[in-house]
S.K.: 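Dumping the structure here so I can ask a few things about it.
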Amino acid sequence: MKILCVCGARPNFMKIAPIVDAFSKAGIDRAIVHTGQHYSPEMSRNFFDQLEIPKPDVNLEAGPGSHAFQTAEIIRRFEPVVIDQKPDAVLVVGDVNSTIACGLTAVKLGIKLIHVEAGLRSFDKAMPEEINRILTDSISDMLFVSEPSGIENLRREGRPEEAVFLAGNVMIDTLFKRLSKAGNSDILKRLGLKEKEFLTLTLHRPENVDSRESLLKAAELIERASEQLKIVLPLHPRTKRAFKQAGLEERITGIENLVICPPLNYIDFLRLLSTNACALTDSGGVQEETTALGIPCITLRKNTERPITITEGTNTLTGLNPEKAASQIKKLSENNFKAEGRCPKLWDGKAAERIAAEVIKTLA
Ligand code: UDP
């Protein structure tokens, strides 16, 4: 059995790493296709090195572009690869443009499609990722879900029961595997941070950084939060560009209690997340990682496609609202940033193993 495993953007790499490993151990012939959606060392190659993902067998080098251009470019470049390699299935992860582009290419060629992290829904179609999720799930033959809400969503959308599997969370497989290594990172020293005395902030969702109005709110939110605790902000390239274009660069860099650094490698970032008082984020992955670590998380969005991080985990939604975020930080600080919550069932480091076993059972 041969499976093409697709990855393309930063959050895909931590998801594909344990899958590729589990497939190899289970004797599945797998090839890695990197679409090139993210291509800089800090957003791509560093993750291959640290997560010990084998070098991609194929790199489509699709690069940046508008949604339509990038999606079309990946489809155009992936089609001859599928025709040439004749896989039994194509596996895609997450919700980025590479996910739907390669999924669509596969099914149009009559190749089975496997989607890992299926079924998540924010119910907000203004989010480009939501469109990618709905479309990919609607054409997938095997749907691996990370939390029970995904099963409900897929059932409601009429996906057949026998195609849906609650596998657990592959991103958390990677987290547990790398946590002890993160303990050796010297990132706290390098950035002048002390355990439990700082907040980690990540911000890059289009709804938060693509308009001047939201960037002004983000600036105010950072200012307000930094009055309470030091903040470290590994700055996403998209957000960096946005602050610059909006003329807000000086205002941000001038915030006294804010440490700005380039996007971090996985091990350094995991060290921050596991030692900070709290995370402030609009990232999907960070909401899950903080829940698995039992660290409080304030999500700067109005909704989440990962409701289990709220119902069982440590997550709270404040939107990009400076007042709400500041009062949530205050509330948490009064309780010494102790998080109430538990790690969801099947977020146990073995999701990829379960996926490999199910794939063999179904496709062999
Ligand atoms: N991450 C990282 N370095 C950083 C910021 C994030 O390694 O500077 C990791 C983080 O641990 C998580 C993933 O990147 O595993 C999340 O990626 P991103 O926020 O880009 O995507 P999303 O989760 O929103 O889809």
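The first residue in the sequence is number 1, and the count goes up from there. Keep in mind the model is a prediction, meaning the values are calculated, not measured. For ligands, and for the atoms within them, numbers begin at 1 and follow the listed sequence.
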S.K.: If we count only N and O atoms by modelled type, under 3.5 Å, do the side chains of Arg301 and Asn303 hold a donor and an acceptor together?
M.R.: yes
S.K.: Fit a plane to each ring of Phe13 and His34, take the angle between them on a 0 to 90° scale, and name the class: parallel (under 30°), tilted (30 to 60°) or perpendicular (over 60°).
M.R.: tilted
S.K.: Go ahead and list the nitrogen or oxygen contacts between ligand 1 and the protein that come in under 3.5 Å, distances to 0.1 Å, or just say none.
M.R.:
from, atom 1, to, atom 2, distance (Å)
ligand 1, 3 (N), Leu264, O, 2.8
ligand 1, 8 (O), Leu264, N, 2.8
ligand 1, 11 (O), Glu289, OE1, 2.8
ligand 1, 11 (O), Glu289, OE2, 3.1
ligand 1, 15 (O), Glu289, OE1, 3.4
ligand 1, 15 (O), Glu289, OE2, 2.5
ligand 1, 19 (O), Ser283, OG, 2.9
ligand 1, 20 (O), Arg10, NE, 3.1
ligand 1, 20 (O), Arg10, NH2, 3.0
ligand 1, 23 (O), Ser283, OG, 3.0
ligand 1, 23 (O), Gly284, N, 3.3
ligand 1, 23 (O), Gly285, N, 2.7
ligand 1, 24 (O), Arg205, NH1, 2.8
ligand 1, 24 (O), Arg205, NH2, 3.4
ligand 1, 24 (O), Ser283, OG, 3.4
ligand 1, 24 (O), Gly284, N, 3.0

S.K.: May I ask you to say whether Arg121 pairs ionically with Asp137, meaning some side-chain N is under 4.0 Å from a carboxylate O?
M.R.: yes
S.K.: Going by side-chain contact (heavy atoms from CB on, under 4.5 Å), name the residues that satisfy it together with Ala364, two or more places apart in sequence or in a different chain.
M.R.: Met1, Ile360
S.K.: Asp282 and Asn208: side-chain donor and acceptor closer than 3.5 Å?
M.R.: yes
S.K.: Going by atom types alone, do Thr318 and Gln328 pair a side-chain donor with an acceptor below 3.5 Å?
M.R.: no
